[in-house]
Enquirer: 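Mind having a look at this structure? Questions to follow.
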Amino acid sequence: MTMLTHIDYTGVSKPHVQHFFDPHTWTLTYVVSDPVSRRCAIIDPVLDLDYPSGTLTTEIADQLIAYVRAQDLSVDYIVETHVHADHLTSALYLQKKLGGKILIGAQITTVQETFASVYNEPSDFPVNGSQFDVMVGDGDRFMLGDIECHAFHVPGHTPACMAYLFGDALFVGDTLFMPDGGTARCDFPGGDAKTLFHSIKRLLTLPSETRMFVCHDYQPNDRELQFETTVGMQRAENIHVNDNVTEESFVRMRETRDATLGMPTLILPSLQVNIRAGHLPPADTDGKLFLRVPINVFAGNDLSFLADDK
């Protein structure tokens with residue numbers, strides 16, 4: 001995995017970045033646009049789900065749509081940094097309203113294979129990423145108007161995580177939070193703290209002035225929302241992975257911390273929808289839509305009698 005010290009922003013067009021914050025899932029969605037061509041990409045969009053009532057709404061997505069139209073932007077891409085476990089994606093809804101191609105990292109196939117088994121998907125469920133329009137790998141490049149985007153594979157939080165550098169603006173997904181928030185957990189299937197450490201250190205070889213935008217802000221100590229930092233600030237101040245933190249101490253901290261964390265509230269519905277690029281599972285014979293909740297039974301507890309096999 002090559003370091004990124006070769007990247008230079010001299011003469012590079014700088015995109016405009018507009019954020020949208022969902023306080024229910026602490027998620028940040030971005031519209032990144034080329035001021036000259038008016039082409040844009042939407043990054044990590046949210047679909048609202050009231051879990052207790054099973055109600056889907058589009059409040060956050062509709063705010064994005066209103067902004068894109070008001071700014072007279074044209075959507076080229078709807079970008080996912082990874083398969084999120086804490087919110088449903090609105091990528092498909094946005095595509096129907098605004099156009100654009102849904103883009104994700106090529107390792108989505110690994111995540112699909114894992115969770116197709118968890119949800120007992122039918123044998124014909126595609127695990128080749130075909131639900132998405134574009135799959136990119138490490139080192140791939142594509143254009144957003146006059147702005148070049150670099151794609152970086154940054155596994156660790158999940159095996160499929162990607163970061164995207166549009167001009168001088170880096171979107172890191174869950175890999176890093178603001179400096180006072182630290183780093184992502186590594187206890188999901190395919191996650192690994194050592195791998196995350198090396199992914200982060202690679203991103204931190206980018207120029208120190210690189211603007212960095214995070215996917216979540218949990219507002220530690222009740223501070224105001226923050227979402228933009230720089231590579232230099234992360235190297236100096238990140239509480240988990242600054243320049244003075246060793247790989248050994250990071251792995252020890254991350255694994256100890258992860259052992260205390262509960263699962264995200266929306267993990268079961270989110271993964272089920274997000275491996276489908278925003279499609280809901282097929283309707284039943286009556287045309288009704290359902291999300292499945294796999295049931296885990298603790299070892300040693302014989303609860304087989306609860307299953308209705310009639």
Side-chain angles (χ1 to χ4, degrees), residues 9-49 56-82 84 87-105 132-134 136 140-152 162-174 178 206 209-217 219 224-230 274 277-278:
Y9 301 133
T10 303
V12 170
S13 298
K14 296 186 177 181
H16 180 266
V17 179
Q18 179 64 49
H19 76 282
F20 296 83
F21 182 60
D22 174 27
H24 303 293
T25 62
W26 312 92
T27 302
L28 285 142
T29 299
Y30 298 98
V31 177
V32 53
S33 58
D34 174 14
V36 176
S37 68
R38 313 303 294 169
R39 315 301 299 185
C40 75
I42 298 170
I43 300 177
D44 291 330
V46 173
L47 185 67
D48 303 288
L49 171 63
L56 288 173
T57 56
T58 58
E59 179 181 352
I60 298 294
D62 289 336
Q63 292 176 24
L64 288 171
I65 292 168
Y67 172 81
V68 167
R69 290 174 173 168
Q71 297 298 314
D72 194 27
L73 300 174
S74 297
V75 177
D76 284 351
Y77 297 102
I78 301 167
V79 177
E80 302 285 5
T81 56
H82 63 296
H84 301 274
H87 69 264
L88 280 66
T89 178
S90 61
L92 185 66
Y93 174 76
L94 292 171
Q95 184 181 57
K96 296 294 185 184
K97 298 290 186 179
L98 298 172
K101 296 179 179 179
I102 301 175
L103 181 149
I104 200 166
F132 298 83
D133 300 310
V134 181
V136 295
D140 285 351
R141 302 182 187 187
F142 56 94
M143 299 300 294
L144 183 70
D146 294 327
I147 295 173
E148 186 173 52
C149 176
H150 299 249
F152 308 123
M162 300 293 293
Y164 301 95
L165 180 67
F166 289 83
D168 70 334
L170 179 67
F171 298 86
V172 295
D174 290 5
M178 293 300 294
L206 284 164
E209 67 270 25
T210 304
R211 294 184 289 162
M212 183 183 292
F213 297 88
V214 300
C215 186
H216 293 289
D217 186 45
Q219 299 174 264
E224 294 297 312
L225 175 69
Q226 295 180 12
F227 54 88
E228 180 179 350
T229 180
T230 65
N274 295 346

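The analysis underlying the following values was restricted to heavy atoms, covering all of them including side chains, and did not include hydrogens, waters or symmetry mates. The first residue of the sequence shown is numbered 1, and numbering continues consecutively from there.
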Enquirer: Do I102 and L94 have side chains that approach each other closer than 4.5 Å (heavy atoms only, starting at C-beta)?
Expert: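 Counting from C-beta outward, I102 and L94 never come under 4.5 Å.
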Enquirer: Could you state the interatomic distance from OG1 (T229) to CE (M178), rounded to the nearest 0.5 Å?
Expert: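 Reported value, rounded in 0.5 Å steps: 4.5 Å.
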Enquirer: Verify whether one side chain among D44 and T81 offers a donor that lies under 3.5 Å from an acceptor in the other.
Expert: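 Checked: D44/T81 side chains pair up, N/O donor to acceptor below 3.5 Å.
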Enquirer: As an exercise, state the distance from CZ of F152 to OH of Y164, rounded to the nearest 0.5 Å.
Expert: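 So the gap between those two atoms works out to 11.5 Å.
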Enquirer: What I'd like to find out is whether the side chain of Q71 reaches to under 4.5 Å of the side chain of P35, using heavy atoms alone.
Expert: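 No - every pair of side-chain heavy atoms lies 4.5 Å or more apart.
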Enquirer: Do you know the tightest heavy-atom contact between D146 and S37?
Expert: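 Minimum heavy-atom contact is N-OG, 4.3 Å.
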Enquirer: Once you round to the nearest 0.5 Å, how far does CG of D217 lie from CD of E228?
Expert: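 Nearest 0.5 Å value for the CG-CD distance: 12.5 Å.
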Enquirer: Give the C-alpha distance, both sets of side-chain angles, the deciding distance and a yes or no for side chain to side chain contact (heavy atoms under 4.5 Å, CB included) between L49 and L47.
Expert: CA-CA 6 Å; L49 171 63; L47 185 67; over 6 Å; no
Enquirer: For a 4.5 angstrom cut-off between non-hydrogen side-chain atoms, does Y9 reach L206?
Expert: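 Result yes, sub-4.5 Å side-chain heavy-atom pair found.
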Enquirer: Please verify the inter-ring angle class for F171 with F166; under 30° counts as parallel, over 60° as perpendicular, anything in between as tilted.
Expert: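 The rings of F171 and F166 stand perpendicular, inter-plane angle above 60°.
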Enquirer: Side chains of V214 and L28: does their closest heavy-atom pair fall under 4.5 Å?
Expert: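 Contact flag for V214/L28 side chains = yes.
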Enquirer: Using only atom types and a distance under 3.5 Å, with no angle test, would you say the side chain of T27 pairs donor to acceptor with the backbone of H216?
Expert: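 Here the side-chain-to-backbone pair does not exist.
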Enquirer: Let me know which of L103, T89, N274 forms a side-chain contact (heavy atoms from CB on, under 4.5 Å) with E80.
Expert: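 Answer to the side-chain contact (heavy atoms from CB on, under 4.5 Å) test with E80 among L103, T89, N274: T89.
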Enquirer: Do H82 and D174 pair up side chain to side chain, a donor and an acceptor below 3.5 Å, judged on atom types alone?
Expert: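 Judged by distance alone, the side chains do pair up.
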Enquirer: I'd like to know if the side chain of D76 reaches the main chain of C40, judged simply by a donor and an acceptor atom lying under 3.5 Å from each other, with no hydrogens or angles considered.
Expert: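 Flag not set: sc D76 to bb C40 has no pair under 3.5 Å.
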Enquirer: Please check this pair: side chain of Q95 against backbone of G100, looking for a donor-acceptor N/O pair closer than 3.5 Å.
Expert: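 Yes; judged by distance alone, with no hydrogens or angles, the pair exists.
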Enquirer: Tell me whether Y67 contacts the main-chain N or O of D62 through its side chain, where contact means a donor paired with an acceptor under 3.5 Å.
Expert: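 Absent.
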Enquirer: Taking the side chain as C-beta and beyond, is there a heavy-atom pair between I104 and M162 under 4.5 Å?
Expert: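 I104 does not reach M162 side chain to side chain.
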Enquirer: Carefully, step by step, assess I78 and K101 under the rule side chain to side chain contact (heavy atoms under 4.5 Å, CB included).
Expert: CA-CA 6 Å; I78 301 167; K101 296 179 179 179; over 6 Å; no
Enquirer: Just wondering, do F213 and F227 contact through their side chains at under 4.5 Å, heavy atoms?
Expert: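 Answer yes - side chains close enough.
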Enquirer: Which heavy atom in L170 sits nearest to a heavy atom in A163, and how many Å separate them?
Expert: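 Smallest heavy-atom distance, with atoms named: CD1-CB, 4.1 Å.
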Enquirer: Given D168 and T210, is the side chain to side chain contact (heavy atoms under 4.5 Å, CB included) satisfied, shown in steps?
Expert: CA-CA 5 Å; D168 70 334; T210 304; 5.6 Å; no
Enquirer: For L98 and R69, work out which heavy atoms get closest and say how close.
Expert: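 Shortest heavy-atom separation between L98 and R69 comes out as CD2-NE, 4.0 Å.
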Enquirer: Mind listing the closest non-hydrogen atom pair of P15 and S13 along with its distance?
Expert: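 Looking at all heavy atoms of both residues, the shortest contact is CD-O, 3.8 Å.
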Enquirer: Tell me the closest heavy-atom pair linking A91 and A277, and the distance in Å.
Expert: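 The answer is CB-O, 4.1 Å.
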Enquirer: Measuring from atom CE of M143 to atom CD of E148, what distance do you get when rounded to the nearest 0.5 angstrom?
Expert: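 One finds 5.5 Å between CE of M143 and CD of E148.
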Enquirer: Report the C-alpha separation of C149 and L144 in whole Å, then their side-chain angles, then the decisive distance to 0.1 Å, and conclude whether the side chain to side chain contact (heavy atoms under 4.5 Å, CB included) test is met.
Expert: CA-CA 7 Å; C149 176; L144 183 70; 5.8 Å; no
Enquirer: Could you state the interatomic distance from CZ (F20) to CD1 (I42), rounded to the nearest 0.5 Å?
Expert: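 CD1 of I42 is found 8.5 Å from CZ of F20.
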Enquirer: Between R39 and D34, is the closest basic N to carboxylate O distance under 4.0 Å?
Expert: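 No.
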Enquirer: Of the non-hydrogen atoms in T29 and I43, which two are nearest, and what is the gap between them?
Expert: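 Result for this residue pair: CG2-O, 3.2 Å.
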Enquirer: Working to the nearest 0.5 Å, report the span between CG of L64 and OH of Y30.
Expert: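 If I round to the nearest 0.5 Å, the distance is 12.0 Å.
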